[in-house]
Amino acid sequence: MCHVSVGHVIRELESNGIPTTSIYVRAFAHVVEELKVPRAVITPHPMGRPMGPPRDGDTHQEVLRQALALLEEPEGRIVEYPGPYRPPVPPGRAGRDATEPAS
Amino acid sequence: MGESFEAFKDSFSYGSRTDLTFKFLKALPEDDAAEFLRLLLEAVGGSIDTGAVDDVIDLVIDWQAKAYRPDPGAARTWVYDAGPVAALQRPIAGARVAMITSSGHHMSGADPNPLDTQGMTQEQAVERISEFLRHAPQLAELEPDAAPDELEVRHGGYDVRSSRLDHNVTLPLAPLRHLADELGFDIAGVFSFVGAAAQKRVIKESAPEWRRELQERAVDAVVLVPV
């Protein structure tokens, strides 16, 4: 329901001359179409993590950057952010590759 | 008599086994839910030896999308034929940009006390989700430079664990500050509300009220993050 609520806020703002941009996870991309959200970055992330994994500041920033860039589209545009969703490897585990066969 | 599989899968959605990451099981037909669980266990079994959980992550994401996607032809309440589109009237550099999220964040010490309840816990928010859906939402204002320990998040509709690990997952303050510096826009305000709310009241009361507030702040554009 949150995605629909935000869609209604978007419609109110756009109809009163305030342009918007938004970030929707793929599971609720249908809401973008149903509510005619004009600008959105669709992320391939789980529900509840629209910007990306915890502690992945690079992804958060790039997703927001792409959303802000959509404000330059006067007629609106929907884009898809490429995946996959991958939480950063915790410190201490970097370099370990458990898929390599034991020698 | 033992619990049916239907009752088992439905129990993850505001039932005896509530898990907001897996509440989507209720939306799946029994056969699909069974298939998802089979695939999930297969992926978990594979991860025991490799330590890699990519397959588990991808499976959850794919099946969330499958479960929440409406059936073709299903009756839908909020569907529009067309939508309003406004154009940015000035370059982003020098623009006043606000952000609104439906993540349920508020500043520590400034709890909006939803449903006239002080100190509501996350667990209580989950238990009372149906009440939230009957009320208009409350908009909390946040400090753009708030430190993580100055923020609190509470929302009965999604798994807030990731937001508690890193608020930027649903309330991207750090990227907003960084990009404001880089692109040269001003942060005109940051707000958050619990998106699980009565839709007619959002349309008739909340959205117009918030729009007037943003107009008073001479906002040029708004970034919105639904959660």
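A note on names: the letters A, B, ... follow the listed sequences, proteins ahead of strands, and every chain is numbered from 1.
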Answer yes when A:Arg26 and B:Asp62 have at least one side-chain N-carboxylate O distance shorter than 4.0 Å, and no when they do not. yes
Which heavy atom of A:Ala27 sits nearest a heavy atom of B:Tyr68, and at what distance? O-CB, 3.6 Å
Nearest 0.5 angstrom please: B:Leu179 CG to A:Gln61 CD, how far? 5.0 Å
How close do A:Val9 and B:Trp210 get, heavy atom to heavy atom, and via which atoms? CG2-CZ3, 3.8 Å
Using a cut-off of under 4.5 Å for heavy-atom pairs, which of B:Pro84, B:Pro91, B:Pro172 has the most such pairs with chain A? B:Pro84
Heavy-atom contact with chain A under 4.5 Å, split by part of B:Leu171: neither
Using heavy-atom distances under 4.5 Å, tell me whether B:Leu88 contacts chain A through its side chain, its backbone, both, or neither. both
Options B:Phe185, B:Tyr158, B:Phe193, B:Trp78, ranked by heavy-atom pairs under 4.5 Å with chain A, top entry: B:Trp78
Heavy-atom nearest pair, B:His155 first then A:Cys2, reads NE2-SG, 3.0 Å
Using only atom types and a distance under 3.5 Å, with no angle test, would you say the side chain of B:Gln64 pairs donor to acceptor with the backbone of A:Met47? yes
From the list B:Gly195, B:Pro175, B:Pro226, B:Gly83, the residue making the most non-hydrogen contacts under 4.5 Å with chain A is B:Pro226
I'd like to know which of B:Val202, B:Ile203, B:Thr170 tops the heavy-atom pair count under 4.5 Å against chain A. B:Ile203
Given that the side chain runs from C-beta out, which part of B:Ile92 has a heavy atom under 4.5 Å from chain A: side chain, backbone, both or neither? both
For B:Arg76, is it the side chain, the backbone, both or neither that has a heavy atom under 4.5 Å from a heavy atom of chain A? side chain
Is A:His3 in contact with chain B via its backbone, its side chain, both, or neither, using a 4.5 Å heavy-atom distance? both
A:Gly48 and B:Ser162 have their tightest heavy-atom pair at O-OG, 3.4 Å
Which region of B:Gln89, side chain (C-beta onward) or backbone (N, CA, C, O), has a non-hydrogen atom less than 4.5 Å from a non-hydrogen atom of chain A, or is it both or neither? neither
Whether the side chain of A:Glu14 engages the backbone of B:Ala86 through a donor-acceptor N/O pair (distance < 3.5 Å, no angle test) should be reported. yes
Applying a strict 4.5 Å limit to non-hydrogen atoms, the region of A:Glu75 in contact with chain B is backbone
Minimal non-hydrogen separation, A:Lys36 against B:Tyr80, with atom names: NZ-O, 2.8 Å
I'd like to know which of B:Thr77, B:Asp220, B:Val53, B:Leu20 tops the heavy-atom pair count under 4.5 Å against chain A. B:Asp220
B:Ile100 vs A:Val6, test: side-chain contact (heavy atoms from CB on, under 4.5 Å). Steps then yes/no. CA-CA 9 Å; B:Ile100 301 176; A:Val6 169; over 6 Å; no
Does any non-hydrogen side-chain atom of A:His60 lie less than 4.5 Å from one of B:Val169? yes
When the 4.5 angstrom heavy-atom criterion is applied to B:Lys23 and chain A, the contacting part is side chain
For the residue pair A:Pro50 and B:Val227, establish whether any side-chain heavy-atom pair is separated by less than 4.5 Å. yes
Around atom CD of A:Glu80, are there more than 12 heavy atoms of other residues, nucleotides or ligands at under 6.0 Å? no
Which bit of B:His167 comes within less than 4.5 Å of chain A, counting heavy atoms only: side chain, backbone, both or neither? neither
With only heavy atoms counted, which part of A:Phe28 is less than 4.5 Å from chain B, the side chain, the backbone, both or neither? side chain
Between A:Leu71, A:Asn16, A:Leu70, which residue shows the highest count of heavy-atom pairs closer than 4.5 Å to chain B? A:Asn16
Region of A:Val25 in contact with chain B, defined by heavy-atom distances below 4.5 Å: neither
Ranked by heavy-atom pairs below 4.5 Å to chain B, first place among A:His8, A:Met51, A:His45 goes to A:His8
Once rounded to the nearest 0.5 Å, what's the spacing between atom CG of B:Leu173 and atom CG of A:Leu64? 10.5 Å
Under 4.5 Å to a heavy atom of chain A? For B:Thr21 that would be side chain
The interface call for B:Phe24 against chain A, heavy-atom contacts under 4.5 Å, is neither
Show the nearest heavy-atom pair for residues A:Glu34 and B:Pro70, with the distance to one decimal. OE2-CG, 3.8 Å
Comparing A:Glu72, A:Glu73, A:Arg39, A:Glu33 against chain B, the one with the most heavy-atom pairs below 4.5 Å turns out to be A:Arg39
I need the residue from A:Thr20, A:Val41, A:Thr21 with the largest number of non-hydrogen atom pairs under 4.5 Å to chain B. A:Thr21
Identify which part of A:Arg86 has an atom lying under 4.5 Å from any heavy atom of chain B, answering side chain, backbone, both or neither. side chain
Against chain A, label B:Ala221 side chain, backbone, both or neither, depending on which of its atoms sit under 4.5 Å from a heavy atom there. both
Out of B:Ala82, B:Gly157, B:Ala197, return the one with the most heavy atom pairs under 4.5 angstrom to chain A. B:Ala82
